[in-house]
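Everything on this sheet refers to the single structure shown next.
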Amino acid sequence: MTEGGSVAVPATTARTETQADGPTLLLRGVRKAFADVQAVDGLDLEVARGECFGLLGPNGAGKTTTIEICEGLTAPDEGTVEVLGLNWRTGAGELRQRIGIQLQETQFPDKLTVEETLRLFRSFFRRGIAVEESIETAQLEEKRSSRVGGLSGGQKQRLAMACALVGDPELLFLDEPTTGLDPQARRHLWDLVDGLKQAGRTIILTTHYMEEAERLCDRVAIMDHGRVIAQGTPQQLIATVGGEDIVEFAVSGGETGSGHGVVDAAPLTAIAGVQSHRVDEGLHQLSVSELHLAVPRIFAALKEQGLHLSEFRTHSATLEDVFVRLTGRYLRDE
């Protein structure tokens with residue numbers, strides 16, 4: 001940690017400063033099939049330099065295959081892939097020196113110490129940052145001589161991040177970096193990613209946590225069935241929901257409150273400020289503006305139908321609401 005309490009982050013080197021203008025990542029018309037499954041279907045993506053770009057999607061959306069194509073682990077069947085102005089067919093050697101990858105789960109040799117592990121990874125690169133600086137970045141000073149097998153899950157994730165950074169990458173791939181971490185460890189990694197963004201590094205992030213995407217990403221793309229179905233800043237995508245807030249409720253029918261009530265949506269959507277209505281397994285969702293005016297009218301409309309509320313809650317519109325509206329699924333349920 002620095003004196004101000006922020007996470008120490010390796011500074012961006014002159015190598016990044018002397019790059020030519022242009023996107024860090026460019027995909028045009030990329031396709032990839034496995035047997036009869038079209039995992040990626042004509043995908044176009046562009047990520048600017050210095051941007052944190054989030055890639056979201058349910059299982060089977062093609063997200064993992066897309067990331068593997070970008071990382072050079074899988075070759076596309078069709079299309080163009082440019083990474084840092086190069087392609088994997090002719091520039092693989094240079095690209096491996098200029099990117100960093102943190103997998104969702106990295107298997108390290110259990111009997112190596114933290115310092116030995118970082119020295120091993122540092123040896124793979126012609127240039128990079130000092131092992132001492134990597135240990136400080138990961139806040140693993142007290143675990144320097146500890147064997148990897150004895151680290152906690154959060155400490156292993158911090159070690160994986162340090163290994164991804166030890167080559168001083170211009171482009172960093174983070175594949176669900178906080179999955180399985182406790183809230184404190186998750187927020188530490190968020191602080192680390194914030195620092196990397198401020199240092200001007202380009203980051204490609206996949207996550208199952210919508211709060212994480214909203215907090216960290218400059219732009220996000222939502223994938224489904226091998227295609228991008230929505231793309232923009234978190235704020236732009238949230239605005240497509242149609243309201244500032246979401247009202248969720250469940251009802252029971254009849255004056256006794258027994259049974260499952262059937263809601264007539266027309267009187268609800270006719271309320272000023274109610275933008276849309278959907279039902280998911282008995283839970284009604286209304287996209288609403290001017291929440292303080294709409295809620296009393298929603299109560300009145302349900303009472304007129306003889307319905308009783310069994311659940312009622314409100315929250316500000318989020319990326320999760322965008323995702324559900326577009327795919328019909330909750331990302332964390334996948």
Side-chain angles (χ1 to χ4, degrees), residues 54 56-61 63 176 178-183 186-187 206-217 220-225 229-230 232-334:
L56 312 176
N59 290 343
K63 179 176 78 271
E176 299 185 24
T178 64
T179 295
L181 298 187
D182 62 65
R186 181 176 299 124
R187 290 190 177 277
T206 69
T207 181
H208 273 171
Y209 296 101
M210 288 300 189
E211 180 187 4
E212 187 164 279
E214 287 184 43
R215 160 77 184 272
L216 298 177
C217 296
V220 298
I222 297 176
M223 288 188 67
D224 204 11
H225 302 297
I229 59 175
T233 68
Q235 295 75 19
Q236 288 171 338
L237 292 181
I238 291 170
T240 67
V241 172
E244 300 170 357
D245 296 278
I246 303 296
V247 172
E248 296 180 331
F249 65 89
V251 298
S252 56
E255 293 299 326
T256 63
S258 61
H260 296 285
V262 177
V263 176
D264 180 1
L268 295 174
T269 54
I271 294 171
V274 175
Q275 308 294 328
S276 64
H277 169 263
R278 69 182 299 273
V279 185
D280 182 23
E281 296 183 352
L283 186 66
H284 295 260
Q285 295 181 339
L286 299 172
S287 177
V288 173
S289 58
E290 297 186 312
L291 184 67
H292 64 294
L293 297 177
V295 166
R297 295 167 183 168
I298 293 170
F299 285 156
L302 293 173
K303 184 177 181 180
E304 287 179 5
Q305 296 183 43
L307 299 168
H308 297 258
L309 288 168
S310 56
E311 293 182 52
F312 189 89
R313 55 182 173 267
T314 68
H315 65 263
S316 298
T318 66
L319 275 179
E320 185 79 50
D321 299 304
V322 178
F323 189 86
V324 171
R325 182 176 64 84
L326 292 172
T327 69
R329 289 168 280 182
Y330 288 90
L331 187 57
R332 288 301 300 163
D333 291 342
E334 291 299 320

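Between the side chains of Ser316 and Glu244, no donor-acceptor pair of N or O atoms lies under 3.5 Å. In summary, the side chains of Glu212 and Thr207 do present a donor paired with an acceptor at a separation below 3.5 Å, with no hydrogens or angles considered. Defined by atom type and a distance below 3.5 Å, a donor-acceptor pair is present between the side-chain atoms of Tyr209 and Arg186.
When every heavy atom of Ser287 is checked against every heavy atom of Ile246, the shortest pair comes out as CA-CD1, 4.0 Å. Residues Val263 and Leu307 approach most closely at CG2-CD1, 3.7 Å, considering heavy atoms. Nearest approach of Phe323 to Pro58, heavy atoms of both residues: CZ-CD, 3.3 Å. Contact detail for Met223 and Lys63: the closest heavy-atom pair is SD-CA, 4.0 Å. Here the shortest heavy-atom pairing between Gln305 and Pro267 reads NE2-CG, 4.0 Å. For Ala213 against Val220, the heavy-atom pair with the smallest separation is CB-CG1, 4.4 Å.
Panel note: side chain Thr178, backbone Leu181; no donor-acceptor pair is recorded below 3.5 Å. When atom types are taken as modelled, the side chain of Glu176 and the backbone of His208 share no donor-acceptor pair closer than 3.5 angstrom.
Between Thr318 and Glu214 the shortest side-chain heavy-atom distance falls below 4.5 Å. Side chains of Leu283 and Phe249 form no contact here, defined as non-hydrogen atoms less than 4.5 Å apart. Considering only heavy atoms from C-beta on, Ser289 comes within 4.5 Å of Gln275 through its side chain.
The stretch residues 307-319 participates, sequence neighbours left out, in these salt bridge (Lys or Arg N to Asp or Glu O under 4.0 Å) pairs: Glu248-Arg313, Glu311-Arg313.
Using bins of under 30°, 30° to 60° and over 60° for the plane-to-plane angle, the ring pair Phe312/Phe299 lands in the tilted bin.
Atom CE of Met210 and atom CD1 of Ile238 lie 10.0 Å apart (nearest 0.5 Å). Taken to the nearest 0.5 Å, the CZ atom of Arg297 stands 14.5 Å off from the CG atom of Leu302. A distance of 12.0 Å separates CD1 of Ile298 from NE2 of His284, quoted to the nearest 0.5 Å. Asp245 contributes atom CG, which lies 8.5 Å from atom NE2 of His315 (distance to the nearest 0.5 angstrom). Glu290 contributes atom CD, which lies 13.0 Å from atom CD1 of Ile271 (distance to the nearest 0.5 angstrom).
Ser310 meets the side-chain contact (heavy atoms from CB on, under 4.5 Å) test with Ala250; sequence neighbours excluded.
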Apply the test side chain to side chain contact (heavy atoms under 4.5 Å, CB included) to residues Arg187 and Arg215: give CA-CA distance (whole Å), side-chain angles for both, the deciding distance (0.1 Å), then the verdict.
CA-CA 10 Å; Arg187 290 190 177 277; Arg215 160 77 184 272; 4.0 Å; yes

Stepwise side chain to side chain contact (heavy atoms under 4.5 Å, CB included) test for Arg278 and Val324
CA-CA 10 Å; Arg278 69 182 299 273; Val324 171; 3.1 Å; yes

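Evaluated for a side-chain contact (heavy atoms from CB on, under 4.5 Å) with Leu326, the options Leu237, Ile229, Asp321 yield exactly one hit, Ile229.
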